[in-house]
Amino acid sequence: MIPHHYSGDIEIHGEFPYTLKIHHLTGNVPSHVHYFLEYTYVFQGEAIEIINGIERRIAPGAFTLLFPHQVHELRIAPGQELFMYNGAIGLQAFFNRSHPLMSLQGLLKEAESDWHTSYALDEPYADSVYRLLVQMHEEIRSDRTWREAMFVSKLFELFILVDRFRRRLGGSAGAGGRNDARGGMWTVIRHVYQNFRDPISLSSLAATYGYTEAHISAEFKKLTGGNYSRFLERIRLAHACSLLIGTGMKVTDVCYEAGFSSYPTFARVFSERMGKSPMAYRKDGK
């Protein structure tokens, strides 16, 4: 099945690229990928969560990180309900390189290597995470002074707690272990996602990971719903959208910061995929 592509709320492409909402689900969520980083916390109900084809039961205390390279699905039994906090972070914030201590990518980089990024928190950690999410939800919906700074500080505290929990379990092994037979191509996909700004080609991936170009191309389509070029393009465009709305960077600078090698190519691809020019997108999003 080809996964759906979710671009997320307009807020995550703006100056404050964070959202946090409470979702009440009564039916399945089909296979999909995101243009953003997502995190969820279940506080009532249960479901089967599938990340990159690996199933896991989630129940109260389950915290999940979802990166743009991951294919995600939820299955909820008939008559059942699922209540969860659902947060989203725009790629502009996730890939912020302005300060190493405020780098979400740096904080969560090791978690990206976990085979299944859903964690069944034990009671002390679950209580602390839930308390933080309640406070964050109050902050983001309020008009208090410093609400954005308070929200982000609590977000980092939240991710630090989750990172400490996964490290206590032994990182990747604690998250369900690695399956080398299935993990090979996801390693390639994760590499492209983490290095989308760099000039990456099928031939360089084939040389690095020992696959043929044809195999990589076919697996990208099977696993992500699009070919290699479309996957790389999707990540670059998502980052460009965040930069156009959330910063005052020149459009030409956005082009190169997002990983495109030439402005004419960027402008053409952006207009084809987004239905408007980069400048029009910026104007409409302000």
Next on the checklist: Are more than 12 heavy atoms, taken from residues, nucleotides or ligands other than Glu272, located less than 6.0 Å from that residue's CD atom?
Outcome noted: yes
Next on the checklist: Tell me whether the count of non-hydrogen atoms from other residues, nucleotides or ligands lying under 6.0 Å of CZ in Arg273 goes above 12.
Outcome noted: yes
Checklist entry - With distance as the sole test, does Thr117 use its side chain to make a donor-acceptor pair with the main-chain N or O of Leu65 at under 3.5 Å? => result yes
Next on the checklist: Between His32 and His72 (side chain of the first, backbone of the second, donor and acceptor by atom type, cut-off under 3.5 Å), is there such a pair?
Outcome noted: yes
Next on the checklist: Can a donor-acceptor pair be found, under 3.5 Å and without considering hydrogens, that links the side chain of Ser271 to the backbone of Arg268?
Outcome noted: no
Item to check | Any side-chain heavy-atom pair of Val152 and Phe16 under 4.5 Å | outcome: yes
Item to check | Heavy atoms from other residues, nucleotides or ligands near CE of Met150 exceed 12 (cutoff 6.0 Å) | outcome: no
Item to check | Donor-acceptor contact below 3.5 Å, side chain Asn227 vs main chain Arg230 | outcome: yes
Which atom pairs, donor and acceptor, lie under 3.5 Å between side-chain atoms of residues 74-84 and protein residues at least two apart or in another chain?
| unit_1 | atom_1 | unit_2 | atom_2 | d |
| --- | --- | --- | --- | --- |
| Arg75 | NE | Glu73 | OE2 | 3.3 |
| Arg75 | NH1 | Glu55 | OE2 | 3.3 |
| Glu81 | OE2 | His24 | NE2 | 2.7 |

Checklist entry - Hey, is the main chain of Ala258 close enough, under 3.5 Å, to the side chain of Arg197 for a donor-acceptor pair? => result no
Next on the checklist: I'd like to know if the side chain of Ser128 and the backbone of Pro124 have a donor-acceptor N/O pair within less than 3.5 Å.
Outcome noted: yes
Checklist entry - Does the side chain of Arg168 reach to within under 4.5 Å of the side chain of Arg166, using non-hydrogen atoms? => result no
Checklist entry - Taking the side chain from Ser142 and the backbone from Glu139, do they hold a donor-acceptor pair closer than 3.5 Å? => result yes
Item to check | Ring centers of Tyr85, Tyr41 separated by less than 6.0 Å | outcome: no
Next on the checklist: Whether the side chain of Ser217 engages the backbone of Glu213 through a donor-acceptor N/O pair (distance < 3.5 Å, no angle test) should be reported.
Outcome noted: no
Next on the checklist: What I'd like to find out is whether the side chain of Gln70 reaches to under 4.5 Å of the side chain of Leu66, using heavy atoms alone.
Outcome noted: yes
Item to check | Sub-6.0 Å ring centroid separation between Tyr119 and Phe63 | outcome: no
Checklist entry - Can you check whether Tyr209 and Tyr211 have ring centres sitting under 6.0 Å from each other? => result no
Checklist entry - Does CZ in Arg141 sit with more than 12 non-hydrogen atoms of other residues, nucleotides or ligands closer than 6.0 Å? => result no
Checklist entry - Is Asp163 reaching over with its side chain to a backbone N or O of Phe159, donor-acceptor style, under 3.5 angstrom? => result no
Next on the checklist: Can you tell whether the side chains of Glu157 and Lys154 come within less than 4.0 Å, N to carboxylate O?
Outcome noted: no
Checklist outcome for this item: Across all chains, not counting sequence neighbours, the side-chain contact (heavy atoms from CB on, under 4.5 Å) partners of Ala59 are Glu46, Arg57
Checklist entry - Do the side chain of Asn28 and the main chain of Pro30 share a donor and acceptor less than 3.5 angstrom apart? => result no
Next on the checklist: Any non-hydrogen side-chain atom of Phe270 less than 4.5 Å from a side-chain atom of Phe260?
Outcome noted: no
Item to check | Ile216 vs Met185 side-chain heavy atoms within contact, under 4.5 Å | outcome: yes
